[in-house]
Enquirer: 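Can you read through this structure? Questions will come right after.
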Amino acid sequence: MSERPVRAVLFDLDGTLADSETQTDEAIAIVVARHGVSNFVLPHTDTRGRTWEHIAGAIRARAAIGVAVPTLVDELLACWNDATADVKPVPGAPEAVRAAAQRLKLGVVSSSPCSVIDSFLDRLGVDDCVEPRARIGGDSIRRSKPDPEGFLLGARALGVEPADTLVFEDSRAGLLAAKAAGMRSVFISCCAADIAGNTALATAATTDYRALPPRFWDDIADGRLELAGRSFA
């Protein structure tokens with residue numbers, strides 16, 4: 001039985017295209033320590049795929065820091081920007097984006113601000129592969145992941161139906177958002193937490209882009225590859 005062809009791909013950014021998740025944990029620890037709480041750690045469910053506003057709110061709730069959320073957000077983002085100045089791509093990501101762009105419409109849907117999406121795409125050398133209108137940041141939406149708003153907005157910007165859209169994600173929040181949007185998903189596990197739980201949420205899984213089959217982008221565009229339950233390693 002043939003698979004429904006994919007017309008568009010929506011990539012998450014942090015942990016999916018750029019290896020920038022550990023820097024999030026570092027920024028949190030540094031900023032919270034400045035406010036008198038040492039060795040502070042948030043669970044991955046409060047950091048992966050989450051906006052800085054969500055993270056700041058979680059810090060206030062768990063660390064009892066009397067700093068306003070907007071102030072914490074500014075401090076966290078400044079620290080994280082410094083830490084990611086030499087961010088590396090997820091293995092195979094730039095090549096995968098370029099190959100996908102030959103057959104499919106592309107977008108990026110991230111909990112990071114649009115300015116970060118722009119910066120990272122430029123640093124990864126794929127800025128020309130994603131049109132500005134298809135870059136959906138945490139500052140573009142009212143409801144962040146796991147709400148599907150960002151992915152639905154990305155599909156709308158590309159002029160495709162959710163069912164014709166494939167999402168690449170590394171977080172529980174992002175995979176839940178893709179599922180709620182009615183989109184298929186591929187879980188990228190190399191930078192992720194809770195591998196088993198996230199694999200169960202996704203349509204398919206891969207360690208990174210290098211593990212995808214050689215004709216992956218052509219095959220999903222032509223409906224020749226059934227993704228459900230597939231694991232590429």
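Since the structure is predicted, the reported quantities are computational estimates derived from the model, not experimental observations.
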Enquirer: Which pair of heavy atoms, one from Ile188 and one from Gly15, lies closest together, and at what distance?
Expert: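 In this case the closest contact between Ile188 and Gly15 is CG2-O, 4.2 Å.
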Enquirer: Do the side chain of Ser119 and the main chain of Val116 share a donor and acceptor less than 3.5 angstrom apart?
Expert: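 Not at all, since once roles are kept as given, no pair shorter than 3.5 Å links the two residues.
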Enquirer: Any chance you could measure Asp74, atom CG, to Cys79, atom SG, to the nearest 0.5 Å?
Expert: 13.0 Å
Enquirer: Looking at Ala173, is its backbone amide N or carbonyl O close enough to the side chain of Arg50 to form a donor-acceptor pair, meaning the two atoms are under 3.5 Å apart?
Expert: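 Not at all, since once roles are kept as given, no pair shorter than 3.5 Å links the two residues.
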Enquirer: Is there a path of hydrophobic side-chain contacts, each under 4.5 Å between heavy atoms of I/L/V/M/F/W/Y residues, joining Ile117 to Leu153?
Expert: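 Hydrophobic grouping puts Leu153 apart from Ile117.
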Enquirer: For a quick test of reading the model, state the closest non-hydrogen atom pair linking Pro5 to Ala221 and the distance between them.
Expert: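 Shortest heavy-atom separation between Pro5 and Ala221 comes out as CB-O, 3.3 Å.
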Enquirer: So, Arg60 side chain and Val67 main chain: donor-acceptor pair closer than 3.5 Å or not?
Expert: yes
Enquirer: Which of these, Val126, Thr84, Leu17, sits in a side chain to side chain contact (heavy atoms under 4.5 Å, CB included) with Phe120?
Expert: Thr84
Enquirer: Would you call Arg103-Asp222 a salt bridge at under 4.0 Å N-O?
Expert: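 The answer is yes: the pair qualifies as a salt bridge.
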Enquirer: When rounded to the nearest 0.5 angstrom, what distance separates NZ in Lys105 from OG1 in Thr165?
Expert: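 The NZ atom of Lys105 sits 9.5 Å away from the OG1 atom of Thr165.
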Enquirer: Could you name each residue pair satisfying ring pair (Phe, Tyr, Trp, His ring centres under 6.0 Å) that touches residues 155-189, not counting sequence neighbours?
Expert: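 Sorted result for residues 155-189: Phe11-Phe168, Phe168-Tyr209, Phe168-Trp217.
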Enquirer: Can you list everything that forms a salt bridge (Lys or Arg N to Asp or Glu O under 4.0 Å) with Asp19? Sequence neighbours excluded, please.
Expert: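 Partners of Asp19 under the salt bridge (Lys or Arg N to Asp or Glu O under 4.0 Å) test: none.
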Enquirer: Is Leu106 reachable from Val90 through a run of I, L, V, M, F, W or Y residues, each pair having side-chain heavy atoms under 4.5 Å apart?
Expert: yes
Enquirer: Under the side chain to side chain donor-acceptor pair (under 3.5 Å) definition, can you give me all pairs with a residue in residues 89-99, not counting sequence neighbours?
Expert: Arg98-Asp128
Enquirer: Looking at side-chain heavy atoms only, is the closest gap between Arg62 and Asp46 below 4.5 Å?
Expert: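 Yes, close enough: below the 4.5 Å cut-off.
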Enquirer: Tell me, which pairs form a side chain to side chain donor-acceptor pair (under 3.5 Å) where one or both residues lie in residues 145-157, sequence neighbours left out?
Expert: Asp12-Lys145, Arg143-Asp147, Lys145-Glu169
Enquirer: Whether Arg224 and Asp218 form a salt bridge (side-chain N of Lys/Arg under 4.0 Å from carboxylate O of Asp/Glu) is what I want to check.
Expert: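 Between Arg224 and Asp218 there is no salt bridge, as every charged N stays at least 4.0 Å from the carboxylate O atoms.
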Enquirer: Using a 3.5 Å distance criterion without hydrogens, assess whether the side chain of Ser185 forms a donor-acceptor pair with backbone atoms of Thr203.
Expert: yes
Enquirer: Could you state the interatomic distance from OG1 (Thr206) to CZ (Arg230), rounded to the nearest 0.5 Å?
Expert: 10.5 Å
Enquirer: Would you say Asn81's side chain and Leu77's backbone share a donor-acceptor pair under 3.5 angstrom?
Expert: yes
Enquirer: Test side-chain contact (heavy atoms from CB on, under 4.5 Å) on Arg7 and Glu161 and set out the steps.
Expert: CA-CA 9 Å; Arg7 295 184 57 209; Glu161 294 296 323; 5.6 Å; no
Enquirer: Can Asp194 and Arg172 be counted as an ion pair, charged N to O under 4.0 angstrom?
Expert: no
Enquirer: Which atom names give the shortest non-hydrogen contact between Leu104 and Ala8, and what distance separates them?
Expert: CD2-N, 4.2 Å
Enquirer: Would you list the pairs meeting ring pair (Phe, Tyr, Trp, His ring centres under 6.0 Å) in which at least one residue belongs to residues 41-65, sequence neighbours left out?
Expert: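 Residue pairs passing ring pair (Phe, Tyr, Trp, His ring centres under 6.0 Å), neighbours aside: Trp52-Trp80.
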Enquirer: Find out if a path of hydrophobic residues (ILVMFWY) with successive side-chain heavy-atom gaps under 4.5 Å connects Ile220 to Leu158.
Expert: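 As far as the 4.5 Å side-chain criterion goes, Leu158 and Ile220 are not connected within one cluster.
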Enquirer: Should Ile59 and Val31 be regarded as members of a common hydrophobic cluster, given that ILVMFWY residues are connected when their side-chain heavy atoms come within less than 4.5 Å of each other, either directly or indirectly?
Expert: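 Yes, because Ile59 and Val31 connect within a single hydrophobic cluster, where side-chain heavy atoms sit under 4.5 Å apart.
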Enquirer: Any link between Val87 and Leu76 through a network of hydrophobic side chains (Ile, Leu, Val, Met, Phe, Trp, Tyr) touching at under 4.5 Å?
Expert: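 Linked within one cluster.
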Enquirer: Do Thr199 side-chain atoms and Ile195 backbone N/O form a donor-acceptor pair below 3.5 Å?
Expert: yes
Enquirer: How about Asp14 and Ser112: do any of their side-chain heavy atoms sit closer than 4.5 Å?
Expert: yes
Enquirer: Grab the two heavy atoms, one from Ser171 and one from Asn198, that are nearest each other, plus how far apart they are.
Expert: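 Heavy atoms only, the tightest pair is C-OD1, 4.0 Å.
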Enquirer: Is there a side-chain contact (heavy atoms from CB on, under 4.5 Å) between Val41 and Asp25? Walk through the geometry before answering.
Expert: CA-CA 7 Å; Val41 178; Asp25 298 329; 5.9 Å; no
Enquirer: Is there a side-chain contact (heavy atoms from CB on, under 4.5 Å) between Glu3 and Leu225 once you walk through the steps?
Expert: CA-CA 6 Å; Glu3 180 84 344; Leu225 178 63; over 6 Å; no
Enquirer: Please determine whether a side-chain nitrogen of the Lys or Arg among Arg184 and Glu226 lies less than 4.0 Å from a carboxylate oxygen of the Asp or Glu.
Expert: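 No, Arg184 and Glu226 are not salt-bridged.
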Enquirer: Closest heavy-atom contact between Leu124 and Pro89?
Expert: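 The pair with the smallest heavy-atom distance is CD2-CB, 3.4 Å.
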Enquirer: Leu227 and Leu166: side-chain contact (heavy atoms from CB on, under 4.5 Å), yes or no, with the steps?
Expert: CA-CA 10 Å; Leu227 290 171; Leu166 179 65; 3.8 Å; yes
Enquirer: Measure the shortest side-chain to side-chain distance between Leu201 and Leu176 over non-hydrogen atoms and say whether it is less than 4.5 angstrom.
Expert: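 A side-chain contact under 4.5 Å exists here.
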Enquirer: Could you tell me if the side chain of Leu10 sits less than 4.5 Å from the side chain of Val108, heavy atoms only?
Expert: no
Enquirer: Partners of Arg135 by salt bridge (Lys or Arg N to Asp or Glu O under 4.0 Å), sequence neighbours excluded?
Expert: Asp118, Asp127
Enquirer: Determine whether a donor-acceptor pair (N or O, by modelled atom type, separation under 3.5 Å) exists between the side chain of Ser111 and the backbone of Gly138.
Expert: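 The answer is no, because no donor-acceptor pair under 3.5 Å joins these two groups.
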Enquirer: To check you understand the geometry: which heavy-atom pair defines the closest contact between Ser144 and Thr51, and what is its length?
Expert: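 That would be CB-CG2, 3.4 Å.
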Enquirer: Any non-hydrogen side-chain atom of Phe151 less than 4.5 Å from a side-chain atom of Pro162?
Expert: no
Enquirer: When rounded to the nearest 0.5 angstrom, what distance separates SG in Cys190 from CG in Asp208?
Expert: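 Rounded to the nearest 0.5 Å, the SG-CG separation comes to 5.0 Å.
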Enquirer: Would you say Glu26 and Ile28 make side-chain contact, with heavy atoms under 4.5 Å?
Expert: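 When only atoms from C-beta onward are counted, Ile28 and Glu26 do not touch, as no gap falls below 4.5 Å.
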Enquirer: I'd like to know if Arg48 pairs up with Asp170 as an ion pair, taking the criterion as any Lys NZ or Arg NE/NH1/NH2 lying under 4.0 Å from an Asp or Glu carboxylate oxygen.
Expert: no
